[in-house]
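No experiment lies behind these values; they were computed from the predicted model shown. Below, each value reflects all heavy atoms present in this structure, side chains not excepted, and no hydrogens, waters or symmetry copies.
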Amino acid sequence: MKATKLNHAHPSKMEERYIDEIRKMTPQQRFEKLMAIIELSYLLKTAKKISK
């Protein structure tokens with residue numbers, strides 16, 4: 001069984017990986033990823049706050 005590889009590295013290397021990943025995506029995939037981020041952001045913004 002393979003060990004899980006974490007995507008932690010120097011910020012400049014992480015940025016390079018992210019840019020390469022985005023360049024390999026089709027415009028449709030980019031749009032879907034953007035919509036998922038927007039949806040998650042909206043859900044977090046409108047979620048009920050838990051008070052202690």
Side-chain angles (χ1 to χ4, degrees):
M1 188 168 158
K2 283 186 165 183
T4 303
K5 184 178 179 183
L6 297 176
N7 290 324
H8 296 289
H10 190 271
S12 61
K13 290 189 179 197
M14 293 299 297
E15 186 176 0
E16 288 174 20
R17 285 185 202 159
Y18 183 72
I19 292 170
D20 288 340
E21 178 185 327
I22 294 297
R23 285 186 178 151
K24 292 176 186 174
M25 292 176 144
T26 65
Q28 178 66 33
Q29 289 172 321
R30 290 182 204 168
F31 179 76
E32 289 172 359
K33 189 170 187 172
L34 175 63
M35 289 295 107
I37 291 169
I38 292 171
E39 182 180 354
L40 180 61
S41 175
Y42 176 76
L43 289 172
L44 289 171
K45 180 180 167 185
T46 60
K48 287 186 176 181
K49 305 284 190 242
I50 300 174
S51 60
K52 291 184 179 182

TODO: Answer yes if Met25 and Tyr18 sit in the same cluster of Ile, Leu, Val, Met, Phe, Trp and Tyr residues linked by side chain heavy atoms under 4.5 Å apart, and no otherwise.
DONE: yes
- [ ] Kindly work out whether a path of hydrophobic side-chain contacts (I/L/V/M/F/W/Y, heavy atoms less than 4.5 Å apart) joins Tyr42 to Ile37.
- [x] no
To check you understand the geometry: which heavy-atom pair defines the closest contact between [X] and [Y], and what is its length?
| X | Y | answer |
| --- | --- | --- |
| Arg17 | Ala9 | NH2-CB, 3.9 Å |
| Lys33 | Ile22 | NZ-CD1, 4.3 Å |
| Arg30 | Arg23 | NH2-O, 3.9 Å |

- [ ] State the CD-CG distance between Glu15 and Asp20, to the nearest 0.5 angstrom.
- [x]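 Atom-to-atom, Glu15:CD and Asp20:CG are 11.0 Å apart.
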Open item on the list: Does Glu32, at its CD atom, have more than 12 non-hydrogen atoms belonging to other residues, nucleotides or ligands within less than 6.0 Å?
Closed with: yes
Open item on the list: Quick check on Glu39: does its CD atom have over 12 non-hydrogen neighbours (other residues, nucleotides or ligands) under 6.0 Å away?
Closed with: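 Check fails, neighbour count at 12 or below.
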